[in-house]
Every structure is written in C-alpha cells, then in structure tokens.
Amino acid sequence: MATENNTTEEQVISAPNFVRNIVAEDVKNNKNGGKVVTRFPPEPNGYLHIGHAKSICLNFGLPAESANGKCHLRFDDTNPEKEDVEYSRAIEEDVKWLGFDWAEDLYHASDYFDQLYQYAVALIKKGKAYVCHLSPDEAREYRGTLKEPGKNSPYRDRSIEENMQLFESMKNGELAEGECVLRAKIDMSSPNINMRDPIIYRIRKVHHHRTGDDWCIYPMYDFTHCLSDSIEGITHSVCTLEFEDHRPLYDWVLDELETPCHPQQIEFARLNLDYTIMSKRKLLELVENGYVNGWDDPRMPTISGMRRRGFTPESIRTFCERIGVTKKDSVIETGVLENCIREDLDKKAPRVMAVLDPIKVVIENYPDGQEEMLTAKNHPNDETLGTREIPFCKEIYIERGDFAEEPPKKFFRMKPGGEVRLRYAYIVKCESVVHDEQGNVIEIRCSYDQETRGGKTPDGRKIKGTIHWVSAKHAVDAEVRLYDRLFNVPNPDAGEGDYKGNLNPESLEIRVNCKVEPSLAQIDAEQRYQFERIGYFCHDAKDSDEGVLVFNRVATLRDSWAKLSR
RNA sequence: UGGGGCGUCGCCAAGCGGUAAGGCCCGGGGUUUUGAUCCCCGUAUGCGUAGGUUCGAAUCCUGCCGCCCCAGCCA
C-alpha cells in the first residue's frame with residue numbers, strides 16, 4: 001500500500017560525510033553504549049553567523065539521526081572580559097529559530113568552575129602542573145618558535161606543596177593579575193607548541209556574567225573544553241580544523257585525570273562564503289563602527305541578519321546540508337545560498353504585485369471613475385494558497401523598466417505601439433508617451449481591449465509579454481530595501497590593505513516611493529512574499545510602523561532577460 | 001628534515017582496488033498570463049604532479065609541487 005509519507009513528508013536528504021560515517025560506525029560497534037551525545041559550544045562574545053549554522057546543523061543533526069542521541073548547548077564562558085549575557089540570549093534565540101532544541105541540556109563551562117579547580121589541584125598533586133611566574137614576554141621567549149624548541153621555565157620544578165600553596169593564593173585573590181599562571185607540565189621541546197607547558201589557569205580580577213565575583217582565576221579553553229565534554233558525557237566532540245593541533249592536549253588532559261569519559265574530538269573545515277566575512281571580531285567591528293546597522297542588519301551573514309533579511313530556517317538547513325562536511329578548506333559561492341532560499345520561498349511565498357520604480361499609465365478608453373475587482377492567484381502552481389481580489393481602474397503604475405521607448409531586440413514588455421498583458425487584467429496597447437521638458441517619460445497613455453479581461457485572449461492571439469502593475473488609486477506606499485553583497489570582492493580578507501576597503505558602497509539601496517497592492521496594507525509581521533517578476537521580500541517588523549510599510553529584499557528572481565540583454 | 005592538515009569539473013562534493021554519483025554555475029531545448037517555477041538534454045578518457053605495485057589505481061606505495069593552520073595569560 002502506498003504510504004502517505006510519500007507525499008506529505010519532506011525529503012531530508014542526508015548525504016554521507018566523514019563525521020557521519022565515524023559516528024555511524026561507532027553506533028554500529030556499540031561504542032559508548034550506542035549513544036551519540038554532541039554539543040554546540042559557542043562563546044557568548046558575539047552573534048552567531050552562517051558558519052555557526054553549519055556547526056549547529058552538524059552537531060544537532062548527528063544525534064537526531066541516531067536512536068539514542070542528544071545535543072547540548074554549552075556556553076564556553078571562560079573569558080569574562082569579552083562575554084555578555086546579551087550574546088547568550090541572542091545565541092539561544094538563533095539556535096531555536098534555526099529549529100533545534102537542546103531540551104534540558106543547557107550548560108555553561110562556568111557551571112564547572114569548582115570541578116575544574118579540583119581537576120587542576122589533582123594535576124598539581126600528580127606533579128603535572130605548576131605555578132609559573134614568568135612574565136608574558138618571558139613566557140614567549142621560553143616557548144621557543146615554530147622551528148626551535150622551548151626552554152623549561154625556571155619555576156617548572158617547584159615542589160607540589162609550593163604549587164598547591166601558590167595556586168591557592170591565586171584562587172584567593174592574593175596575587176596580582178598577570179603575576180603568575182598555572183601551567184601543565186608536558187614538554188617544552190614538543191614540536192607541537194600547544195604541548196609546551198600550556199597555561200591552564202590565569203588570574204583575572206573581573207566580574208563574570210554568571211559567577212559574579214566568585215572567581216579571580218579562570219581556566220583556559222584547552223583545559224576547560226575537554227573536561228566539560230567529559231563531565232557532560234559527550235561522545236563526539238566536533239570542532240573546526242584549527243583545533244586539530246590541540247587534540248593531543250585535549251587527550252593529554254583527559255588521560256592524566258580521572259574523568260567520567262574520554263570523548264573523541266573530530267575536526268571539520270569551517271564555512272567560508274564568498275563576498276563576505278565570517279570573523280566574529282570583524283563582524284563586531286562592522287557593528288561597532290557603524291558600517292552596518294547592527295548585528296541584525298540584513299546584509300550581515302549573522303543568523304539574526306539573515307532572519308531579518310527574510311531567510312527561512314529551512315533554507316539555511318538545506319544550505320548546510322548541501323555544502324557538505326569535509327576537512328578541505330573551501331569557499332562556497334553565495335549563489336548556493338541564494339538558490340536555497342529561492343527554492344524554499346518559491347514553494348511557500350504568496351505572490352503579490354508591487355512596483356518598485358513606478359511610472360503612471362493612463363488607460364484612455366477605460367471609463368473615468370470606473371473600478372473593478374480582478375481575481376489573482378496567490379500561487380501559480382499551488383491552488384491551496386487560494387486567490388485574492390485586486391482593484392483595477394483607469395490609472396495604474398507599472399515598473400519604469402518595463403517600458404522602453406526604443407526597445408532593444410527581443411524586448412517584449414511595453415513599447416510604443418505594442419501590446420502587452422497586464423497580469424490578471426487586460427491586454428493594453430501603448431498609444432503615446434508624455435515627456436517633460438527634459439525629455440523624460442512621465443506618463444504613458446494606453447488603450448485596453450475589453451475582451452481580454454483577466455488577461456485572457458479569446459481570439460487566441462499570442463501576447464509575449466506580461467507585466468505587473470498596481471492601481472494608482474488603490475496603491476499603498478512602501479519603502480523597499482534592496483540589498484547587494486556586503487563586499488565587492490570574493491575574498492575581502494585577501495590581499496594587502498584592510499578588509500573594510502572592500503566594503504561595497506552600494507550594498508544597500510533604499511526605494512521610498514514604491515507602490516504595492518492594497519492587500520499588503522494589513523499583513524503579519526515578517527511575512528514573506530514574492531513580488532511577481534521582481535523577487536522575494538520580507539516585511540521588516542523592526543522598521544515598519546503605523547502607516548510605514550518596509551520590506552527587505554531577500555533575493556531576486558532569476559532573470560534570464562537581464563542575462564540576455566547584457 | 002618544526003608540527004598538524006588538505007589537494008576529484010568554474011564552486012561544492014560522493015567515491016576508499018574493478019574502470020568518475022549528485023548539487024550549484026554554465027550552454028541548448030520544451031511548457032508557462034511571473035523573460036519566475038517546472039521539465040528535458042549537454043558539460044572531467046580525467047581525480048595536484050612524476051614514477052612504482054597490479055590483469056586493473058582517484059582509490060595502495062614512493063618522491064615532488066601547491067594551499068591552509070599553529071609561537072594569546074582568546075576561543
């Protein structure tokens with residue numbers, strides 16, 4: 001029997017990738033009792049971007065595909081100087097919006113500060129950690145270089161008792177910030193710099209957004225992350241490539257200490273998108289210096305920016321699935337992302353008519369004062385979206401670009417003496433053109449064919465062009481924001497010079513005199529539409545107000561005419 | 001001779017010894033009241049490169065070349 005799943009269930013195509021393969025193999029071998037526990041570990045020091053979305057989809061997707069799995073959301077909040085609850089709030093919102101659920105499993109590395117301290121003490125007692133009084137400059141010298149081994153710190157052989165005492169003093173705030181640190185005792189001549197007695201605790205007499213003033217020493221990432229993973233029973237700790245060099249340290253800490261479990265760290269290549277940047281630091285700079293209007297500026301590659309721009313969670317998930325997961329550095333073309341949102345919105349977005357650059361058309365033989373309602377489909381291929389009535393009268397607006405006094409070859413929009421179909425309305429013929437003193441077209445005069453109501457041609461005549469329009473009398477004013485790429489070079493970080501020099505000055509174009517059909521006068525916040533023949537647009541709830549309608553362009557429609565006429 | 005990674009179509013990416021999937025882009029055609037969508041068709045004798053092993057190699061071995069990451073008391 002045919003199952004209804006065939007028609008109702010969305011096909012989630014999960015292509016194999018090396019991380020999935022590892023996890024699947026582990027489940028098959030009943031490693032970790034067949035459990036799959038991952039975590040998404042953001043530092044609350046900025047907003048999430050599309051690169052994080054890749055990690056989120058991977059980390060939440062892996063356990064979702066297994067019978068016995070879950071993904072934790074864990075804030076990696078070990079550096080209070082840069083972190084803030086505002087970021088935590090935004091991160092939670094973004095993860096949820098993307099469609100993922102950590103259920104009960106929301107944690108903070110700071111939840112483990114006590115345990116982490118105890119682990120550090122255990123390391124000292126084992127003779128595997130020591131308090132080092134080298135200054136930052138000295139420490140750098142002792143560390144050696146990429147090619148030369150480092151030298152042992154003169155404090156390396158302090159007694160366990162002395163280290164215990166000193167570490168205690170550090171914790172009690174008796175020592176000054178920067179005066180000393182706690183280091184793991186590993187190997188100063190290791191070819192892997194991360195193993196040259198890495199710092200695991202530093203003194204920072206600053207307020208932590210969660211633990212307040214409880215601590216004046218804070219653990220470093222390498223010490224914190226592996227232990228947090230272990231404490232939470234993580235089975236697969238998936239991170240990006242730059243941590244590959246840290247894996248020996250991740251494993252060292254867990255091997256030296258008695259911990260609940262030893263998760264497997266797996267590294268994958270982070271996402272790069274052309275014509276944008278993915279560095280949190282730089283994104284923060286754009287926000288702080290006003291190059292963009294906040295983290296949720298629709299031009300930003302942030303989740304909140306993309307949400308405001310009008311991207312759907314589904315389209316972002318599709319994108320993350322489509323680009324794959326490998327260890328190869330790559331740069332994805334923005335076109336792939338655009339295609340994902342077009343695909344999704346083509347299916348879902350109701351169609352509507354809007355004129356972004358209006359020019360008036362007067363239909364001379366249409367009776368003065370007459371009005372009529374015409375029926376328009378809300379979706380050309382999906383009847384379930386229904387129809388709506390749109391008003392028509394003697395004066396309408398059409399797109400300035402849909403008229404050409406001197407039409408190029410194959411131009412089948414409105415031109416002098418030519419016929420064109422007004423979508424869902426009538427076939428009209430351009431009779432004359434009105435100019436101003438400068439010769440600009442300020443009005444177009446047409447005649448209409450009464451027999452073609454609804455755009456039909458009872459005589460079977462073929463009309464190549466169909467253009468959109470809005471009744472001048474009934475039109476609603478709107479502001480429409482057209483976005484282009486934030487940077488005008490594929491890799492803004494490449495080459496000499498500051499990346500900000502590559503900012504695209506035309507990334508935002510505001511159209512204030514747009515005319516949209518009256519059905520848009522009352523709509524839901526953040527509703528997405530297709531403006532027929534133009535593109536996909538999203539209502540901007542933040543800047544719209546009583547009497548002010550603002551739309552953001554999500555993406556244009558494909559335009560083979562533009563391509564042809566180039 | 002510092003260490004760690006990576007190199008399959010313009011951009012991604014499957015493949016893991018049996019004779020190069022797929023997506024995006026691109027080109028051609030069809031349907032269409034969106035020059036949209038949709039639907040066909042086309043696009044690597046080739047897998048960084050040079051050798052070797054094998055009946056057979058993108059897949060195994062060796063050398064070479066190229067690219068990325070690491071010297072924060074950041075994550």
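Computed over heavy atoms, backbone and side chain alike; hydrogens, waters and symmetry mates excluded. A note on names: the letters A, B, ... follow the listed sequences, proteins ahead of strands, and every chain is numbered from 1.
The pair A:K151-A:D197 fails the salt-bridge criterion, with no side-chain N (NZ, NE, NH1 or NH2) lying under 4.0 Å from an Asp/Glu carboxylate O. A salt bridge links A:R247 to A:E267: at least one charged side-chain nitrogen sits closer than 4.0 Å to a carboxylate oxygen. Checked for salt-bridge contact, A:K347 and A:D382 miss the test: no charged N lies under 4.0 Å from a carboxylate O. Ion pair A:R270/A:E242 flagged as a salt bridge, since at least one NZ, NE, NH1 or NH2 atom sits closer than 4.0 Å to an Asp/Glu carboxylate oxygen.
At the heavy-atom level, A:F319 lies nowhere under 4.0 Å from the strands shown. Here A:L146 lies in heavy-atom contact (under 4.0 Å) with a base. Looking at heavy-atom distances under 4.0 Å, A:F243 makes contact with a base. Note on A:R351: a base of the nucleic acid sits closer than 4.0 angstrom, heavy atoms only. Across all strands, A:K280 comes closer than 4.0 Å to no nucleic acid atom at all (heavy-atom distances). Using a 4.0 Å heavy-atom distance criterion, A:T78 is classed as a sugar-phosphate-only contact. Among the heavy atoms of the strands lying under 4.0 Å from A:L134 is at least one base atom, whether or not backbone atoms are also near. Within the nucleic acid shown, A:Y201 has no heavy atom closer than 4.0 Å to any nucleic acid atom. In this structure, A:R423 reaches the bases: a heavy-atom distance under 4.0 Å links it to at least one base atom across the strands shown. A:R421 comes within contact range of at least one nucleobase, with a heavy-atom separation under 4.0 Å. Contact annotation for A:P149: no contact, since no heavy-atom pair falls under 4.0 Å across all strands. Within 4.0 Å of A:R196, counting heavy atoms only, lies no atom of the nucleic acid at all. Across all strands, A:Q530 comes closer than 4.0 Å to base atoms (heavy-atom distances). Within the 4.0 angstrom heavy-atom criterion, base atoms lie near A:E532.
Comparing B:G35, B:A75, B:U37 against the side chain of A:F412 picks out B:G35 as the nearest. Considering only side-chain atoms of A:N79, the nucleotide from B:C74, B:G4, B:U34 that sits closest is B:C74. For A:V181, whose side chain is taken as the heavy atoms from C-beta onward, the closest listed nucleotide among B:C74, B:G72, B:C73 is B:C73. For A:L241, counting side-chain heavy atoms from C-beta on, the closest listed nucleotide (B:G35, B:G5, B:G15) is B:G5.
B:A20 and B:A58 have their C1' atoms separated by 8 Å, with the value rounded to a whole Å. Rounded to a whole angstrom, the distance from the C1' atom of B:G17 to that of B:A57 is 6 Å. The same atom, P, is picked in B:C9 and in B:G15; the two are 16 Å apart, to the nearest Å. The separation of B:U8 from B:U43, taken at their C1' atoms, amounts to 16 Å, rounded to a whole angstrom. Only the P atoms considered, B:C11 is 38 Å distant from B:C74, to the nearest whole Å. Using atom C1' as the reference point in both B:C47 and B:G27, the two lie 24 Å apart (nearest Å). Taking atom C1' on both B:U32 and B:C39, the two are 12 Å apart, rounded to the nearest angstrom. Spacing of C1' atoms, B:A71 relative to B:G3, comes out at 12 Å, to the nearest Å.
Note on A:R558: a side-chain N or O is less than 4.0 Å away from OP1 or OP2 of B:C25. For the pair A:R202 and B:C74, the criterion of a side-chain N or O lying under 4.0 Å from OP1 or OP2 is met. Between A:T326 and B:A13, a side-chain N or O to OP1/OP2 separation shorter than 4.0 Å is present. Side-chain nitrogen and oxygen atoms of A:R143 include at least one within less than 4.0 Å of the OP1 or OP2 phosphate oxygen of B:C73. For B:C26, one of the phosphate oxygens OP1 or OP2 lies less than 4.0 angstrom from a side-chain nitrogen or oxygen of A:K563. Distances shorter than 4.0 Å separate none of the side-chain N or O atoms of A:R322 from OP1 or OP2 on B:C12. Between A:R204 and B:C74, a side-chain N or O to OP1/OP2 separation shorter than 4.0 Å is present.
For A:Y142, there are no ring-ring contact (aromatic ring centres under 6.0 Å, His included) partners two or more places apart in sequence or in a different chain.
Put simply, the side chain of A:H49 gets close to the backbone of A:M278: a donor and an acceptor are under 3.5 Å apart.
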Here RNA chain B, pairs taken as Watson-Crick or G-U under 3.5 Å and shown with ( ), [ ] when crossing and | when to another strand, reads .(((((((.[[[..)..(...]]].(((((.......))))).....[[[[[..)....]]]]])))))).....
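In this model, a side-chain donor or acceptor of A:D245 finds a partner on the base of B:G3 within 3.5 Å.
Anti is the classification of B:G18, since its glycosidic angle lies more than 90° from 0.
Atom NZ of A:K429 has 12 or fewer neighbouring heavy atoms from other residues, nucleotides or ligands inside a 6.0 Å radius. In A:R453, the CZ atom is crowded: over 12 heavy atoms of neighbouring residues, nucleotides or ligands sit closer than 6.0 Å.
Between A:F167 and the options A:Y130, A:Y119, A:Y201, a ring pair (Phe, Tyr, Trp, His ring centres under 6.0 Å) holds for only A:Y201. When A:K415, A:R421, A:R423, A:R413 are each tested for a salt bridge (Lys or Arg N to Asp or Glu O under 4.0 Å) with A:D402, only one passes: A:R413.
For A:E81 and A:T452, each mapped to the nucleotide of RNA chain B holding its nearest heavy atom, the one lying further toward the 5' end belongs to A:T452. In terms of position along RNA chain B, the nucleotide closest to A:N381 lies nearer the 5' end than the nucleotide closest to the other residue of the pair A:N381 and A:G144.
The aromatic ring of A:W561 sits over the base of B:G35, with ring centres less than 5.5 Å apart and planes tilted by under 30°.
Looking at A:L116 and A:W215, their side chains never come closer than 4.5 Å, going by heavy atoms from C-beta outward.
Distance CG (A:D329) to C1' (B:C68): 5 Å, rounded to an integer number of Å. The NE2 atom of A:H246 sits 15 Å away from the P atom of B:G4 (whole-angstrom rounding). Rounded to an integer number of Å, the gap from CD of A:E399 to P of B:G35 is 12 Å. In this entry the distance linking NZ of A:K347 with C1' of B:U37 reads 13 Å, nearest Å. Between the P atom of B:G72 and the CD atom of A:E141 lies a distance of 12 Å, rounded to the nearest Å.
Inspection of the A:N339 and A:E343 side chains reveals an N or O donor paired with an N or O acceptor under 3.5 Å. Side-chain atoms of A:E81 and A:Y218 include no donor-acceptor pair closer than 3.5 Å.
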Apply side chain to side chain donor-acceptor pair (under 3.5 Å) to residues A:Q264 and A:Y250 and explain how you reach the verdict. CA-CA 9 Å; A:Q264 178 184 5; A:Y250 184 104; over 6 Å; no
Dump the pairs, protein N or O against N or O of nucleotides 7-11 of chain B, anything under 3.5 Å, distances to one decimal.
from, atom 1, to, atom 2, distance (Å)
B:U8, OP2, A:K328, NZ, 2.5
B:G10, N2, A:E333, OE1, 3.1
B:C11, O4', A:E333, OE2, 3.0
B:C11, O3', A:V331, O, 3.2
B:C11, O2', A:V331, O, 3.0

